[in-house]
Structure formats: structure tokens, C-alpha cells
Amino acid sequence: MYNTNFLATRLAEAGASRLNSPFIDQPDLGRVTTFADFFLNAERIAQVLVDQGVTPGDRVLVYAPKSATCIELYFACLIAGAVYTSINPAIPFDDVDYFVNDAQPALIVTDAERYAAVFRDRAGGPKALTVNADETGTLVDLRDGHAGGFTAIARDRDDPAAILYTSGTTGRPKGVVHSHGALWSNADVLRAYWRFAADDVLLHCLPIFHLHGLFTAMNVLLASGASCKYIPAFDRDAILNLMPGATVMMGVPPYYMALLNDPRLPDAARGMRVFISGSAPMLPQTHAQWRAATGTMILERYGMTECSMIASNPYDAERRPNSVGFPLPGTEVRIVDIQTGAPLPAGEIGMIEIRGPNLFSGYWQKPEKTAEDMQDDGFFISGDFGKYDADGYLYVIGRVKDAVISPDGIVFPKKVEEQIDALPGIAESAVVSVPHPERTAVPVAIIVANGDAIAEEMMRDALQGHLDAHEVPARFITVGELPRNAMGKVQKVALRAQYNTLFSA
């Protein structure tokens, strides 16, 4: 259908034989988009982009709520040769200028509320069109004024297809450039590894400003000709009502934890083929409880903005709690000594480095940072600690920036959290590094209890013999819940800031 465009040609192939079949079903709106509708609307939007002055290589900045039109816009950017550039719609209005100035977009797509608050009265700058959560807006109006039949712009494997921004927890967010070839390599591998087929129906409750909901979900669906139940956000009742008509769910650990609390889950999950989790580690007890409730083991995987999906537990072999499985076909993952760079044997913790066709092209307009994070032999320095076990399963131990560096040695928060989470009465925990006047830094545990708060001395005593002395948290603080971002990751940067002066004089 789009023979000169590397990614669009490949993503459209399966859907081309299913044009009258549903692709995006939006139960909350009573709206179904077939493959034919999708491709036609994408072609119409591509013409809108050209009419607005967007040329190949230009960025289209998307600051809008989740909608099916935004997925059409993503595909339209591909065939128009533009670069789909997505940011979190929850970003405060006052912070948007950073992304506009960094991406230098030719066009901004937002919703009516954000347009009125940020862009309507702005003098100069890029044009802005709107698309709202209910699938209305000026972009939709202009789209519907075109007949379709857009001729795809030629794009090659190495041409940029999209930019996603990092979370910015250690500085300003960085734009991560993904090529046509990198996105296709991941979609092609995942549809085979996770056994996606045209009769699959995905429960899509993830946000789409992030690679999980956009690339991992939608590219795999397109590549396999599958469809989705597309809902605005995670909603337990909606998920359980839709689950009997679905075969796959992609989510983050808090989604699965919330579903476990509902007695309807076992019956609803009966026909599901696989549950996939990522973006944050899943507690072993959540794995065990899910298996007891549904008879299935959640498939946990490992990805990051710069690499898309990197590793996955196997589809048809043992899935191990705490592990992210094996490197995906075509992707190499090595563990190296953080000081010498020498490869480490199984069982030893070191830096995770990644090489493969799934890697990003570089950080947008930051060649020095790109060079800093890449080894001479093509391996990307992930910033994650990890290890392999004797059977070749990969374990992600945590971010280097989250480790506690003390005179007595490095404390890996995940190791401590696993011991705390195994204690009776603990729902979950987060261990962070806090400055200490005598020991440089010490681990502090932030606890969510299942019931009443547990005395610090009881927890400290329970950990003796399971952890070295310097690994036992200096304080245990009970809270109602842990702060999380939209993808379910615990916001340790917020916890570190909150408790930074805990031991100040």
C-alpha cells in the first residue's frame, strides 16, 4: 500500500487483507474503526499535514489526550515523512515551552482545553490544531474535508519516525529519536515472540504518549492484523466487562494489583491468552496471587525509551518472578563491571548494556549525550544494574541513580525491597538513598502496610540475617501509598526529595 515508506509498508501489510475488520473498538464512544477507516483517515490527515506546511523530517508535537485520531495521526506522520513527537498530556501548561523550543515542531496537535490555555493567544510560533478525547476538533474537521488517496513519501530504514521524551528524573527530558527500521524490528520480533495473530483482541488501557501504549501495543497490532478494545485509561469495571471478549492485556503492575481485588477476575480472565506487564517491576506476591486467581502466569518484560522492548519472559516456557526473561531475538544484552567494563559471569551484578536493531538513533540535538551513553562497539549503557542467573534469565536490579552509595558498599534497593515485601503485613515498599552526616548515605524504606503500621524495630529484627548490616534500612516510614507516574513506576526521585533532610541536624 505504501511501497516507498519503510515502516508504513510493513505495518499496513497484515491490515490490507482485513480492511472490513475492526481495528480500534472504543466501547465508551460506541465507535469502531475498521482497518479501511484507519488507513483512509491516516491518508486524509497526511494531506492535512502537507496543507499545513509540514515537510519530510518536520516534527509534529502531540500534546493531547488519548484518542483513536492520535493513532491515525501517528500513521499519517509516517506516510507524510514527518516525525511524530509525543509528550505526556499531564505535563503542566507552564512546562510545555521547553518541549516546543526543543523539538521545534512545524505543527502542534493538542486538545481544546490545552489550546485555549497554552497556544491560542501565542504570537508567532508553530500552528496548532486540536483533537479531543471524544474524537472532535479542528484536525478531525480538516481530515474529513479530504477524500484520501495520499501518495506516501519515501522513507528509508534509517529515517526518523518518532521522538519520545524521557521522564527527566535526572535532568531535563531528552528527546529519543526512533527510526523506521528500529520500530519495525521491535514490532516484527514481538508479534512472533508473543504469538500475536489476526484473531487477537488487545485490551488497550495504556496511555499513548509512551512507547508501551504506542509502539509496543499499536505497532504489534498493526503488524499482526489484530484489533483492540481501546479505552481512555485503566478502569477496573470496564476491563473486567471487556475481558471475556479479549485475548491479550498489556498493563503495568498497579493495574494487575487492582484487578486482583475483584472477585469477578477468575471468570473474566478465563479466555485470555496472555497478560503482559512492564514499565515497572512486579512483586513476586502479585505474580503468585495472579496465578492462583487465574491459573496463568503474567508475562513480564523489559524495555526502555531508548531501546523499546529488550527482553521478555518466554511465551511457552517457564516465566520467573523477578526476572524479565531472555533478550529478544536479535538483541544482545551483556552485564559488565561498572568500573572496568569487563563482562561479568552469571550471578554477578553489573551494568546492563544493550546492542541491536531496536536501539534509538540518538538523543534529539544532543550528540554529546548520545556519544556518552554509547560504547565504541555499539552497546548502549542503560543505566540499569542487572544480572543473569545460571539458566540465562535476566534480572533488572534497579537504576544506578537509585543505588545507595555508602562507605560500607553499594546497597541495591531492589534486594532490600524484596526482603521487606516478603514480611507479613507488607503490601509494598520503596527503598531510597538519603544523605547521612556520618555515613554519606543510608537506605530508608518507605512502607505501605496491608493493615496497621508495623513497628520499625520489628521490621529491623526480621531482616537480620537476610541482609548485611549496611543494607538494613536506617528508617522505616509507613505511608498510605507510593507516588507513581502514569506508567506505574514508583517515583523515587520524589521520595528522595521528600526525605532528603531526614537526618539533618
Aromatic centroids of [Y] and [X] separated by under 6.0 Å:
| X | Y | answer |
| --- | --- | --- |
| F360 | Y363 | yes |
| Y165 | F99 | yes |
| H178 | F215 | yes |

Review point. Which of these passes side-chain hydrogen bond (donor to acceptor under 3.5 Å, both in side chains) with Y2: E43, R10, R155?
Key: E43
So [Y] and [X], do their side chains get closer than 4.5 Å, heavy atoms only?
| X | Y | answer |
| --- | --- | --- |
| I231 | I239 | yes |
| F119 | V100 | yes |
| M309 | L328 | yes |
| P343 | I335 | no |
| P207 | K66 | no |
| L221 | F196 | yes |

Exercise for review: Report yes or no: is the cationic atom of R319 (NZ for Lys, CZ for Arg) under 6.0 Å from the centre of the six-membered ring of Y315, at an angle within 45° of the ring normal?
Suggested key: yes
Check your understanding: Within 45° of the ring axis of Y63 and under 6.0 Å from its six-membered ring centre, is that where the NZ or CZ of R114 lies?
Key -> yes
Can you tell whether the side chains of [X] and [Y] come within less than 4.0 Å, N to carboxylate O?
| X | Y | answer |
| --- | --- | --- |
| R334 | E332 | no |
| D267 | R264 | no |
| D25 | R31 | no |
| K369 | E306 | no |
| E417 | K492 | yes |
| R172 | D102 | no |

Practice item. Please name the pair of heavy atoms, one in P314 and one in L299, separated by the smallest distance, quoted to 0.1 Å. Key: O-CD1, 3.9 Å
Exercise for review: Please name the pair of heavy atoms, one in K414 and one in N322, separated by the smallest distance, quoted to 0.1 Å.
Suggested key: NZ-O, 3.5 Å
Does atom [atom1] ([X]) have a neighbourhood of more than 12 heavy atoms from anything else shown, all under 6.0 Å?
| X | atom1 | value |
| --- | --- | --- |
| D377 | CG | yes |
| R195 | CZ | yes |
| Q365 | CD | yes |
| D376 | CG | no |

Have [X] and [Y] got a donor and an acceptor in their side chains that come within less than 3.5 Å?
| X | Y | answer |
| --- | --- | --- |
| N88 | H210 | no |
| Y302 | D384 | yes |
| T138 | T130 | yes |
| T247 | D200 | yes |
| N358 | S185 | no |

Point to revise | Sequence neighbours excluded, every pair satisfying ring pair (Phe, Tyr, Trp, His ring centres under 6.0 Å) that has a member inside residues 14-50 | key: F23-F35, F23-F38, F38-F75, F39-F75
Check your understanding: Between R59 (side chain) and G57 (backbone), is there a donor-acceptor pair under 3.5 Å?
Key -> yes
Practice item. Keeping the roles fixed (side chain from T294, backbone from A269), state whether a donor-acceptor pair exists under 3.5 Å. Key: no
Practice item. Verify ring-ring contact (aromatic ring centres under 6.0 Å, His included) between F326 and Y393, making sure each step is shown before the conclusion. Key: CA-CA 5 Å; F326 303 100; Y393 282 79; 4.3 Å; yes
Point to revise | Within residues 126-148 or reaching into it, pairs that qualify as salt bridge (charged side-chain N to carboxylate O under 4.0 Å, His left out) - sequence neighbours excluded | key: E72-R143
Review point. What distance separates L164 CG from H212 NE2, expressed to the nearest 0.5 Å?
Key: 13.5 Å
Practice item. Report the C-alpha separation of F412 and F385 in whole Å, then their side-chain angles, then the decisive distance to 0.1 Å, and conclude whether the ring-ring contact (aromatic ring centres under 6.0 Å, His included) test is met. Key: CA-CA 9 Å; F412 299 106; F385 282 124; 5.0 Å; yes
Exercise for review: Kindly determine whether S67 and T69 satisfy side-chain hydrogen bond (donor to acceptor under 3.5 Å, both in side chains), including the steps that lead there.
Suggested key: CA-CA 5 Å; S67 69; T69 303; 4.5 Å; no
**Study point:** Residues forming a side chain to side chain contact (heavy atoms under 4.5 Å, CB included) with A161, sequence neighbours excluded
**Key:** L7, L78, H180, L183
Exercise for review: Report the C-alpha separation of T136 and N132 in whole Å, then their side-chain angles, then the decisive distance to 0.1 Å, and conclude whether the side-chain hydrogen bond (donor to acceptor under 3.5 Å, both in side chains) test is met.
Suggested key: CA-CA 5 Å; T136 62; N132 303 307; 3.0 Å; yes
